[in-house]
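Shown next, in structure tokens, is the structure this report addresses.
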2 protein chains.
Amino acid sequence: MSENVGRWLRDEIENSILSNEFSPGERLDETVLATRFGVSRTPVREALMQLDAIGLIEIRPRRGAVVIDPGPHRVYEMFEVMAELEGLAGSLAARRLDKTSREAITATHGRCEQSAAAGDSDAYYYDNEEFHKAIYAAGRSDFLEQQCLQLHRRLRPYRRLQLRVRNRLSTSFLEHCAIVDAIFAGDGDEARRLLRGHVGIQGERFSDLVASMAAR
Amino acid sequence: MSENVGRWLRDEIENSILSNEFSPGERLDETVLATRFGVSRTPVREALMQLDAIGLIEIRPRRGAVVIDPGPHRVYEMFEVMAELEGLAGSLAARRLDKTSREAITATHGRCEQSAAAGDSDAYYYDNEEFHKAIYAAGRSDFLEQQCLQLHRRLRPYRRLQLRVRNRLSTSFLEHCAIVDAIFAGDGDEARRLLRGHVGIQGERFSDLVASMAAR
DNA sequence: AATGCTATTCTTGTATACACGATTGTTGAC
DNA sequence: GTCAACAATCGTGTATACAAGAATAGCATT
């Protein structure tokens, strides 16, 4: 548990939302949450205020908090922005790559290769996250890294669904290879272009997303 | 005043921070704020939690809240991300431009022209904001627009300082012209490139920024 | 039977009280 | 004279109490 209950509750409720334990549109009753977690309403309210500020829930004055339902279109928009940010991170990584970052990327890339070869989509899901985080870090921009991590976290559930799509695992890894090549070659523009394509959702992948979201 | 005190306080304190009434690094005492605004500590705490979630202040457990000092380097990183997001907005605007957005851009661009011609940097500061907001809206991505507005708001104080730099007003307007041309021509890539250059801080403009920040 | 009004209940919003950890100032020892 | 330890004080963290608005159910009226 974190050092104060409010923060702990924020993480706890955030996880519950991101893992779909609280469904979009669901009402979050302060008293219910308080008794459920065995605390008073005060830290619950503080947690909810923070989640509202982040944009995960909406607090309608005097009418309680509900989990925001982004909807397919909004999720698409979020991937669009994510693609742009990752593109920037990639281009910065290509320009600023140092030994530590290079090793981190190589290591996580290697783990992705193993999971992909094994066809283990759960393992790949995790390794893929680490790979992308390594790129954020390699960009050497704290603010950008922070923004990327936040959006990445928020898109996590949808990303997971997407990996279930046929062949996505192997194509994803092939894209990773090209991205690594571009970054290691110091080609920022190419890294940016590839990452935009890798993260963004174009063409049929949008219908895949919609279908997987509807399936929940 | 907003419908509930917490939200009102959040806006109030946020404005105070962004207008430099609360300096970076300054301690925000809950009791002091409560008495100052004539309310109890409860809504003050809720406001602070939200500002912490947004990233404007940092709440160190049991040690109170302090206004975050981004420092020149972090501000540079923020402008870098802003440039990327505006670039995306511009490219989307070029592709999706409709009559309403076109008129909004034309109108705000016209107002910028007048302020620039008059050499009125305060008026230009305001008109420039509206011009950029018109581009965000033209992109037709609610999420992107939201992100742009949030970051724009956070960078507002630094943007203002920058306009004071010699000749910045006229060069800024010339850049606007090229951006408008690209968007109206439907050239998304060019709009993106120009906006990245317009918003980002390269070369000597970084030292201008540092100097203006130090001057406060 | 359906609809509108009113009263009750339930939930949120704010204030206050209390407890615990951090900070600071003072005193004593080396 | 400086440093350390302890005590007092101050501020944060959580709980609870109270007030006010929103939802709901029941009753009356058409």
Side-chain angles (χ1 to χ4, degrees), chain A residues 1-18 20-70 150, chain B residues 1-18 20-70 150:
Chain A
M1 176 171 351
S2 183
E3 47 251 308
N4 65 10
V5 182
R7 231 160 258 228
W8 170 62
L9 278 177
R10 169 171 62 76
D11 295 341
E12 207 67 26
I13 299 174
E14 184 179 359
N15 285 331
S16 298
I17 292 174
L18 292 178
N20 214 36
E21 194 179 330
F22 293 134
S23 321
E26 186 173 341
R27 171 94 172 274
L28 296 178
D29 189 298
E30 295 176 0
T31 312
V32 172
L33 288 171
T35 55
R36 167 170 168 175
F37 289 105
V39 296
S40 84
R41 276 178 50 222
T42 308
V44 171
R45 280 184 65 80
E46 292 183 346
L48 292 180
M49 301 308 283
Q50 293 185 71
L51 294 175
D52 177 75
I54 294 174
L56 267 178
I57 68 174
E58 184 190 356
I59 298 181
R60 301 161 304 175
R62 290 255 170 224
R63 299 182 59 208
V66 292
V67 179
I68 282 189
D69 180 8
Q150 190 175 327
Chain B
M1 172 172 352
S2 184
E3 48 251 309
N4 63 12
V5 182
R7 229 159 259 226
W8 169 63
L9 279 176
R10 169 170 61 76
D11 296 340
E12 209 66 25
I13 300 174
E14 184 178 359
N15 285 331
S16 298
I17 293 175
L18 292 178
N20 214 36
E21 194 177 329
F22 294 133
S23 321
E26 185 173 341
R27 172 94 171 274
L28 296 178
D29 189 300
E30 296 177 0
T31 312
V32 172
L33 287 172
T35 54
R36 167 170 168 174
F37 288 104
V39 296
S40 84
R41 276 178 50 221
T42 308
V44 171
R45 280 184 64 80
E46 292 183 345
L48 292 180
M49 301 309 282
Q50 293 183 72
L51 294 175
D52 177 77
I54 295 174
L56 267 178
I57 67 174
E58 184 190 356
I59 299 182
R60 301 161 305 176
R62 290 252 170 226
R63 299 181 60 210
V66 293
V67 179
I68 283 189
D69 180 9
Q150 190 175 328

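So that the names make sense, note that chain A is the first sequence line, chain B the second, and so on, each numbered from 1. What's counted below: heavy atoms across the whole structure, side chains too, no hydrogens, waters or symmetry copies.
- Rounded to the nearest 0.5 Å, atoms CG (B:L9) and CD (B:E46) are 9.5 Å apart.
- Closest to the B:S40 side chain, of the nucleotides D:dA15, C:dA15, C:dT23, is C:dA15.
- We find that CG of B:L9 is positioned 9 Å from P of C:dA15, with the value rounded to whole Å.
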Pairs under 3.5 angstrom, nitrogen or oxygen only, protein versus nucleotides 5-9 of chain C, please.
none

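- Between B:T42 and the phosphate of C:dT14, there is no side-chain N or O to OP1/OP2 separation shorter than 4.0 Å.
- Taking every heavy atom of both residues into account, B:I57 and B:I17 meet most closely at CG2-CD1, 3.5 Å.
- One distance of note links CG of B:L18 with CG of B:D11; it measures 10.5 Å at 0.5 Å rounding.
- Put simply, the side chain of A:T31 and the base of C:dT12 share no donor and acceptor less than 3.5 Å apart.
- If you measure from atom CD of A:E46 to atom P of C:dA15, you get 15 Å, rounded to the nearest angstrom.
- Ranking D:dG13, C:dT14, D:dA15 by closeness to the B:R45 side chain, first place goes to D:dG13.
- A:R62 comes within contact range of at least one nucleobase, with a heavy-atom separation under 4.0 Å.
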side-chain contact (heavy atoms from CB on, under 4.5 Å) assessment of B:L56 paired with B:I68:
CA-CA 6 Å; B:L56 267 178; B:I68 283 189; over 6 Å; no
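- Atom CZ in B:R63 sits roughly 15 Å away from atom C1' in D:dC10 (whole-Å rounding).
- To the nearest 0.5 angstrom, A:D52 atom CG is 13.0 Å from B:M49 atom CE.
- The separation between B:I59 atom CD1 and D:dT12 atom C1' is 10 Å, rounded to whole Å.
- Comparing A:P61 and A:P43 against DNA chain D, the residue whose closest nucleotide sits nearer the 5' end is A:P43.
- For the pair A:N20 (side chain) and A:S23 (backbone), a donor-acceptor distance under 3.5 Å is absent.
- Close to C:dA15, at under 4.0 Å from its OP1 or OP2, lies no side-chain N or O of B:R41.
- We find that B:E21 and B:R36 are joined by a salt bridge, their nearest charged nitrogen and carboxylate oxygen being less than 4.0 Å apart.
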